[in-house]
Number of protein chains: 6
Amino acid sequence: MMFITRRERFNAAHRLFREDFSDEQNLEVFGKCSNPNWHGHNYTLYVTVKGEVNPKLGFVINLKTLSILIREKIIDKLDHKNLNVEVDFMSGKIMSTENLAIAIWEELESSVLALGCQLHRVKVVETENNYVEYFGS
Amino acid sequence: MMFITRRERFNAAHRLFREDFSDEQNLEVFGKCSNPNWHGHNYTLYVTVKGEVNPKLGFVINLKTLSILIREKIIDKLDHKNLNVEVDFMSGKIMSTENLAIAIWEELESSVLALGCQLHRVKVVETENNYVEYFGS
Amino acid sequence: MMFITRRERFNAAHRLFREDFSDEQNLEVFGKCSNPNWHGHNYTLYVTVKGEVNPKLGFVINLKTLSILIREKIIDKLDHKNLNVEVDFMSGKIMSTENLAIAIWEELESSVLALGCQLHRVKVVETENNYVEYFGS
Amino acid sequence: MMFITRRERFNAAHRLFREDFSDEQNLEVFGKCSNPNWHGHNYTLYVTVKGEVNPKLGFVINLKTLSILIREKIIDKLDHKNLNVEVDFMSGKIMSTENLAIAIWEELESSVLALGCQLHRVKVVETENNYVEYFGS
Amino acid sequence: MMFITRRERFNAAHRLFREDFSDEQNLEVFGKCSNPNWHGHNYTLYVTVKGEVNPKLGFVINLKTLSILIREKIIDKLDHKNLNVEVDFMSGKIMSTENLAIAIWEELESSVLALGCQLHRVKVVETENNYVEYFGS
Amino acid sequence: MMFITRRERFNAAHRLFREDFSDEQNLEVFGKCSNPNWHGHNYTLYVTVKGEVNPKLGFVINLKTLSILIREKIIDKLDHKNLNVEVDFMSGKIMSTENLAIAIWEELESSVLALGCQLHRVKVVETENNYVEYFGS
């Protein structure tokens with residue numbers, strides 16, 4: 001079993017808040033991340049796929065194919081966007097890094113399987129000090 | 001003459017656009033950076049100060065003092081903010097990295113002088129692929 | 001299950017040695033890290049916590065709370081200190097990165113549990129070429 | 001159980017291709033990585049070893065010993081070399097990062113065991129966007 | 001005057017040598033970089049352009065335009081190539097990082113002028129330990 | 001004129017203080033950096049040399065020669081040392097990063113000249129947030 005990881009990046013605005021909270025409640029729970037005027041990040045996404053090495057070609061998955069998959073299904077929908085209001089697969093969810101990682105997993109899982117591999121990990125780095133990792137339920 | 005640089009960081013939303021342009025014009029000139037719903041970045045700010053080394057204390061400037069100055073005058077106003085709508089010193093300006101660097105220079109210049117040094121450079125890194133540097137007019 | 005990691009940093013002096021070894025023995029076993037006059041590092045600490053995503057708030061743990069916990073229990077005791085002589089929880093131990101990681105785990109484990117999560121990993125990076133990871137006994 | 005990781009680096013040329021493919025087939029399958037005139041990378045190798053912490057010395061393994069082992073068995077054979085034509089343990093294999101990671105594992109496994117530890121992971125970073133990890137069969 | 005820098009990357013093979021030297025002489029002068037079977041690097045290129053900030057648009061130069069220019073004139077010719085044998089503008093030159101930086105400057109200078117700016121610096125990073133900078137003759 | 005930079009690293013202990021100050025005065029002026037029990041850093045040193053490109057060999061200076069020079073004159077004296085008490089060229093000086101940069105310049109200047117180049121810049125990075133640069137008096 002071999003694990004291969006592809007890094008992609010996106011720059012986006014977001015806000016941490018609950019609609020049914022007042023601004024004061026949101027500030028208390030989510031801090032400055034709840035700013036109603038939004039803030040943003042340079043997000044880094046690491047997608048790790050696992051599988052057997054193809055003995056004929058020497059690779060687990062064609063990285064070009066994996067990169068195009070991630071770009072079409074994830075990056076094109078997130079880059080230079082407002083994550084709270086413009087992303088179909090985040091609709092109705094709290095825009096936390098945790099929920100974003102789960103949603104990215106769900107968007108990618110079956111497509112990676114269709115390529116003959118398994119999705120192993122989705123890692124989303126929000127700042128140099130914080131990141132989350134999701135390995136599926 | 002010695003040059004000393006302090007790094008500070010802020011995460012913010014912004015948008016590149018002109019109010020007197022249509023959305024189509026803004027898209028044509030500023031590309032996806034003109035998204036009306038905002039996007040954002042992890043900005044890194046490098047402030048370089050120059051001066052003589054104080055022979056008694058061995059430093060050009062107390063870095064703690066410099067850091068507090070940058071935080072009070074710049075970071076507290078930019079971090080987790082919308083750079084287009086919430087920053088007094090960017091009001092009425094196109095929110096480009098270039099204009100941001102000039103504005104930061106103008107906010108810091110006299111305070112650095114008051115500390116007995118000269119501001120040498122303001123460097124703003126927007127992504128790992130792009131940064132601007134301003135050395136004063 | 002979601003994994004979230006917080007990075008914190010500290011700069012400290014230390015020395016690798018055994019009191020019951022001669023200087024020659026310490027030099028032979030621990031190399032230049034045994035220098036009796038100390039040396040030091042910019043240490044980077046990564047603390048990974050795992051737990052369920054709170055469905056109401058969208059996060060595993062409030063990162064601000066986690067950061068304060070790590071600072072109070074670890075960083076304030078290590079930063080700008082001599083790790084061999086000034087840190088209560090390293091007293092009487094060989095000041096290796098391995099032992100430091102175990103001690104940090106023991107300092108944090110119950111407090112992380114009290115926050116409703118589990119400590120998953122303590123990673124201590126000593127130089128760009130060396131790091132250790134501890135996942136509990 | 002403690003995990004300790006050593007980073008080493010090597011700069012090398014390589015090419016992704018099958019001898020029994022035409023240039024067109026290689027281009028189609030391996031893309032620009034199949035360039036018959038070679039291309040190259042600054043590779044970064046992370047070797048992770050696991051074991052008990054020696055209670056007398058405070059470490060899992062002497063990092064100097066581990067570094068020398070990796071240099072003698074791996075880096076000296078790969079650095080400033082053509083990975084396809086000059087490396088004994090890659091002879092007759094497709095020079096993919098995956099196959100390189102497996103070969104490095106096989107070169108190191110028994111020597112690490114002889115030092116009283118177990119090899120846990122070989123990670124090879126080819127570019128800032130791609131890396132593979134191998135944990136043994 | 002504002003300075004703006006764009007980073008681009010390319011992975012390539014090369015060799016440091018003189019044709020009129022024997023292999024022994026090349027080894028003596030250029031060390032392992034003279035390996036006749038080539039080696040390679042992940043090169044990072046930083047192109048710095050200077051100019052006035054356009055008061056109407058807020059930028060010195062459209063970064064998209066600059067990026068396309070660098071890709072068409074430089075990256076497409078260098079990436080996944082053998083720098084000694086496949087690059088028209090390096091033909092007949094010793095393939096040192098210094099000569100590469102000068103050649104990149106000469107390829108870009110007039111095109112940057114045509115965009116209303118001046119080329120200020122070409123920086124080529126070969127490894128994390130070495131880089132060259134050229135500011136024009 | 002070409003500029004070439006070599007990076008070297010050293011890990012060391014130090015303390016910011018004046019002998020004729022009380023501990024309280026040192027704490028007030030130098031903060032936690034004055035800790036009498038020392039602290040330490042992973043220092044990164046960048047040495048930039050300028051000169052003409054040798055038309056026969058394609059380089060400004062043999063990087064191997066430059067690296068050996070820096071190691072013999074600087075790194076061997078600083079690495080895994082206490083910068084206040086074990087470094088001849090820092091004797092009697094306040095161990096600030098500024099003074100260290102000046103001292104490194106003075107140690108290297110004539111040797112670089114003897115190699116046919118000029119020393120251009122000494123840059124010392126103390127943490128990811130602070131660095132100093134010295135270009136000679």
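To find a chain, count down the sequence lines: A is the first, B the second, and so on, and within it residues start at 1. Reckoned from all heavy atoms, side chains included, excluding hydrogens, waters and symmetry mates.
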Using 30° and 60° as the class boundaries, would you call the ring planes of F:Phe30 and B:Phe59 parallel, tilted or perpendicular?
perpendicular
Would you mind checking which part of B:Leu63 comes under 4.5 Å of any heavy atom in chain F, side chain (CB onward), backbone (N, CA, C, O), both or neither?
side chain
Would you find more than 12 non-hydrogen atoms of other residues, nucleotides or ligands less than 6.0 Å from B:Glu128 atom CD?
yes
Could you look at B:Met1 and say if it's the side chain, the backbone, both or neither that has a heavy atom under 4.5 Å from chain F?
backbone
Given heavy-atom pairs under 4.5 angstrom as the criterion, report whether the side chain, backbone, both or neither of B:Val53 touches chain F.
side chain
For F:Phe17, is it the side chain, the backbone, both, or neither that has a heavy atom closer than 4.5 Å to a heavy atom of chain B?
neither
Residues F:Val29 and B:Leu57: closest non-hydrogen pair is CG1-CD2, 3.9 Å
Using side-chain heavy atoms (C-beta onward) and a distance below 4.5 Å, is B:Met2 in contact with F:Ile102?
yes
Side-chain H-bond candidate by donor/acceptor type, B:Arg7 with F:Asn130, under 3.5 Å
no
What do you reckon, is CZ of F:Arg71 surrounded by more than 12 foreign heavy atoms closer than 6.0 Å?
no
If you draw a 6.0 Å radius around CD in F:Gln25, do more than 12 non-hydrogen atoms from other residues or ligands fall strictly inside?
yes
Measure the CD-CD1 distance between F:Glu126 and B:Ile4 for me, rounded to the nearest 0.5 Å.
8.5 Å
Which answer fits B:Lys56, side chain, backbone, both or neither, if we ask what part of it has an atom under 4.5 Å from a heavy atom of chain F?
both
